[in-house]
Peer 1: 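Okay, handing you the structure first.
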Amino acid sequence: MTADTCPTLQTLPGPILVFDSGVGGLSIVEALRERMPDLPLTYACDNEAFPYGLKSDAWLLERVPEVVARLLEQVQPCLLVVACNTASTVVLPALRERFSLPVVGVVPAIKPAGLMTRSGHIGLLATKGTIERPYTQKLIETFAGDCQVTRIGSNCLVQLAEDALAGKQPSDARLREILQPFLDEPRLDTVILGCTHFPLLQKQLARVAEEAGAQHWQWVDSGAAIARRVLHLLAEEGYPNPCCPDTFARSCWLTAPLETDSQLPQALQCLGFDELKLLS
Ligand code: DGL
């Protein structure tokens with residue numbers, strides 16, 4: 001349906017740009033599409049610099065605004081989603097200062113986890129960078145100050161999620177090994193997926209945890225909250241029922257060419273991103 005055929009739909013002036021270091025932001029794309037299947041989305045990943053989880057704050061503060069500036073020039077989006085906890089916990093103020101479009105960041109879902117837990121013991125699974133950031137510590141103090149929070153910083157799980165999307169599923173044994181510090185805590189009842197890559201493995205993670213005796217764990221990520229925030233901001237900008245003009249190609253921007261045998265183009269195509277473009 002278009003704005004011509006339905007007068008309550010408002011045509012957006014540009015797509016929503018979803019940005020991550022790799023494929024993790026596709027979990028945010030899925031959450032957005034769940035609420036708003038027709039939302040015009042463009043995806044971008046800084047695959048040249050992947051992974052972000054091992055980079056310093058200073059490096060991210062220089063790199064992310066520079067890549068975003070080049071993307072904004074090419075894509076002309078109406079809103080930017082930084083679908084990366086590792087980047088968002090450092091660069092959001094710098095992005096908002098430099099660019100005038102609305103910027104939505106993704107940070108670990110500590111607030112909902114603090115409300116959901118019954119035992120008061122939460123597990124935070126994120127990249128090492130996110131786990132160590134003062135921003136994350138502040139979130140914990142503000143929204144889960146009375147909870148015990150066990151942290152797992154795993155950059156390996158990020159790579160496993162990339163591999164899974166490229167068609168190579170991780171072994172159950174490897175996932176169990178990563179989850180072991182949570183499995184050792186019998187009171188823990190809520191697990192935060194504090195990296196956008198991890199919801200891509202959630203089904204397998206949950207099954208592995210259940211088989212290891214953790215049937216009671218609740219899993220929480222930021223996807224649904226981000227989708228609500230994006231729709232709220234679009235409504236505020238005057239687009240309560242946004243629609244997609246046919247002229248917006250569903251493209252995915254990369255910062256480096258893919259390996260010739262990469263399965264990623266097929267995975268992206270399944271998600272509707274049928275045009276791959278290299279950012280110059
Ligand atoms: N997807 C990113 C996040 O949410 C991190 C991936 C990476 O380490 O590059 O933190």
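Both counts, for ligands and for their atoms, begin at 1 and track the order of listing. Each residue takes its place number in the sequence, starting with 1. Only a predicted model underlies this, so the values are computations on that prediction, with no experimental measurement involved.
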Peer 1: Would you call the rings of Phe182 and Trp217 parallel, tilted or perpendicular if under 30° counts as parallel and over 60° as perpendicular?
Peer 2: perpendicular
Peer 1: Measure the acute angle between the ring planes of Phe19 and Tyr52, then classify it against the limits of 30° and 60° as parallel, tilted or perpendicular.
Peer 2: tilted
Peer 1: Which atoms of ligand 1 are found less than 4.0 Å from any heavy atom of Asn85?
Peer 2: 3 (C), 4 (O), 10 (O)
Peer 1: Atoms of ligand 1 less than 4.0 Å from Ser21 heavy atoms?
Peer 2: 6 (C), 7 (C), 9 (O)
Peer 1: Under 3.5 Å, is there a donor-acceptor pair linking the side chains of Thr150 and His121?
Peer 2: yes
Peer 1: Should Thr86 be counted as touching ligand 1, given the test is an N or O pair under 3.5 Å?
Peer 2: yes
Peer 1: So, Asp184 versus Gln180: side-chain donor-acceptor pair below 3.5 Å or not?
Peer 2: yes
Peer 1: Just jot down the ligand 1 atoms closer than 4.0 angstrom to any heavy atom of Cys84, in number order.
Peer 2: 2 (C), 3 (C), 4 (O), 5 (C), 10 (O)
Peer 1: Could you list the atoms of ligand 1 found under 4.0 angstrom from a heavy atom of Phe50?
Peer 2: 9 (O)
Peer 1: Short list, please: which atoms of ligand 1 are under 4.0 Å from a heavy atom of Asp20?
Peer 2: 1 (N), 2 (C)
Peer 1: Provide, to 0.1 Å, the distance between atom 8 (O) of ligand 1 and the closest protein heavy atom, together with that atom's residue and name.
Peer 2: Gly53 N, 2.7 Å
Peer 1: Can you see whether Thr86 engages Thr127 through a side-chain donor-acceptor pair at a distance of less than 3.5 angstrom?
Peer 2: yes
Peer 1: Is it the side chain (CB and beyond), the backbone, both or neither of Thr127 that lies under 4.0 Å from ligand 1, heavy atoms counted?
Peer 2: side chain
